[in-house]
Amino acid sequence: GKKVVLGIRPEYITVSPSQGIEAFVTMKELTGSSVQLHLDVQGSEVIVVVPAGMAADIPDSSEGARSAVRITPMRDSIRLFDPETGNRIE
């Protein structure tokens, strides 16, 4: 099969304690009423945006813990791209 690049905006990824792809929190960045969670997903960085209240109980690696969460992309928001041209695959 052909390699593709998967693209999705951070706000279209949901976080759950029990369902989805395992990810480890490396950093939390407060941006007002929301928090950007910087995650390690099998060696790739993924950024997820969640409400500030949701992120309050999730430690990041700077707090001495390797906190695991589960993430799920919203299927309708996934975009695929050709890695050679950068063009979106319809």
Side-chain angles (χ1 to χ4, degrees):
K2 185 177 178 180
K3 289 187 177 190
V4 298
V5 173
L6 182 142
I8 188 165
R9 294 187 183 273
E11 60 269 24
Y12 297 131
I13 301 172
T14 59
V15 175
S16 165
S18 60
Q19 295 182 349
I21 302 163
E22 185 175 55
F24 294 95
V25 181
T26 58
M27 184 174 75
K28 294 190 307 187
E29 185 175 355
L30 181 62
T31 58
S33 63
S34 64
V35 172
Q36 289 186 355
L37 295 178
H38 294 252
L39 307 173
D40 176 357
V41 179
Q42 298 180 358
S44 294
E45 183 182 35
V46 174
I47 299 173
V48 178
V49 176
V50 297
M54 175 184 259
D57 296 330
I58 302 173
D60 64 29
S61 61
S62 68
E63 296 169 0
R66 187 160 163 88
S67 179
V69 295
R70 299 268 174 184
I71 59 171
T72 304
M74 296 178 189
R75 290 183 189 259
D76 292 344
S77 300
I78 293 173
R79 303 292 180 255
L80 299 178
F81 299 89
D82 182 311
E84 294 176 13
T85 66
N87 292 335
R88 181 174 167 193
I89 299 170
E90 299 288 333

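Nothing here was measured: the structure is a model prediction, and the numbers come from that model.
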What residues form a salt bridge (Lys or Arg N to Asp or Glu O under 4.0 Å) with Arg88, not counting sequence neighbours? Glu90
More than 12 foreign heavy atoms under 6.0 Å from CZ of Phe24: is that the case here? yes
With a cut-off of 6.0 Å (strictly less than), are more than 12 heavy atoms of other residues, nucleotides or ligands near CZ of Arg9? no
Might you point out which heavy atoms bring Ser77 and Ile8 nearest each other, and give the distance in Å? O-CG1, 3.7 Å
Please collect all side-chain hydrogen bond (donor to acceptor under 3.5 Å, both in side chains) contacts where either partner lies in residues 17-27, sequence neighbours excluded, each pair once. none
Distance-only, no hydrogens or angles: does the Lys28 side chain make a donor-acceptor pair with backbone N or O of Ala55 under 3.5 Å? yes
Hydrophobic cluster membership, with links at side-chain heavy-atom distances under 4.5 Å among I/L/V/M/F/W/Y: are Phe81 and Met74 in one? no
Pairwise salt bridge (Lys or Arg N to Asp or Glu O under 4.0 Å) hits with a residue in residues 71-85, at least two apart: Lys2-Asp82
Any donor and acceptor pair, going by atom type alone, linking the side chain of Thr72 with main-chain N or O of Thr14 inside 3.5 Å? no
Is there a chain of hydrophobic side chains (I, L, V, M, F, W, Y, each step under 4.5 Å between heavy atoms) that links Ile78 to Ile89? yes
To the nearest 0.5 Å, what is the distance between CG on Leu6 and CG on Leu80? 6.0 Å
Side chains of residues 32-50: which donor-acceptor pairs under 3.5 Å do they make with residues two or more places apart or in other chains?
{"residue": "Ser34", "atom": "OG", "partner": "Thr31", "partner atom": "OG1", "Å": "3.0"}
{"residue": "His38", "atom": "ND1", "partner": "Glu45", "partner atom": "OE2", "Å": "3.0"}
{"residue": "His38", "atom": "NE2", "partner": "Glu29", "partner atom": "OE1", "Å": "3.2"}
{"residue": "Asp40", "atom": "OD1", "partner": "Gly43", "partner atom": "N", "Å": "2.8"}

